[in-house]
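Report on one structure; see the data block that follows.
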Amino acid sequence: MTDQKNEKSKAKTEQVTGKVKETAGRAVGNESLEAEGRVEQSKGDARQAKEKIKDTFKH
């Protein structure tokens, strides 16, 4: 159970960190930081989707 909570926590952290990086990159005109943020958000989204699928098959 703690592994699942840990994965969900990682997903949320990646999503939030990615959004901050994307916003900061856009604010200062740094396209690579903006892109890095989008990639990190995508990783978080994928991790979250994987955990939701696991939840679906557990119940």
Side-chain angles (χ1 to χ4, degrees):
M1 188 70 153
T2 57
D3 286 341
Q4 185 177 13
K5 285 184 180 181
N6 190 28
E7 287 296 309
K8 287 181 180 181
S9 176
K10 281 182 185 178
K12 194 59 161 171
T13 300
E14 285 175 337
Q15 290 169 330
V16 171
T17 303
K19 185 65 176 173
V20 169
K21 284 182 180 180
E22 180 183 8
T23 302
R26 187 174 297 130
V28 298
N30 185 333
E31 291 179 12
S32 97
L33 183 61
E34 190 177 343
E36 184 180 328
R38 283 194 301 269
V39 167
E40 197 158 344
Q41 283 183 75
S42 295
K43 286 170 40 179
D45 291 345
R47 188 184 305 270
Q48 184 179 40
K50 181 181 82 171
E51 291 306 312
K52 284 183 178 180
I53 290 170
K54 283 183 183 178
D55 287 346
T56 300
F57 287 107
K58 275 187 174 182
H59 298 284

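In this text the structure is predicted, and so the values were computed from the model without any measurement.
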Rounded to the nearest 0.5 Å, what's the gap from CD on E51 to NZ on K5? Could you check? 12.5 Å
Straight-line distance of R38 CZ to K19 NZ, nearest 0.5 Å: 10.0 Å
Quick one: CD on E7 to NZ on K54, what's the gap to the nearest 0.5 Å? 6.0 Å
Any side-chain heavy atom of K12 within less than 4.5 Å of one from Q15? yes
For E14, enumerate each residue passing the salt bridge (charged side-chain N to carboxylate O under 4.0 Å, His left out) test, keeping only those at least two apart in sequence or located in another chain. R47
Could you work out, with side chain to side chain contact (heavy atoms under 4.5 Å, CB included) as the rule, every residue matching T17, not counting sequence neighbours? T13, K21, E40
Under the rule for side chain to side chain donor-acceptor pair (under 3.5 Å), what residues qualify as partners of Q41, not counting sequence neighbours? E22
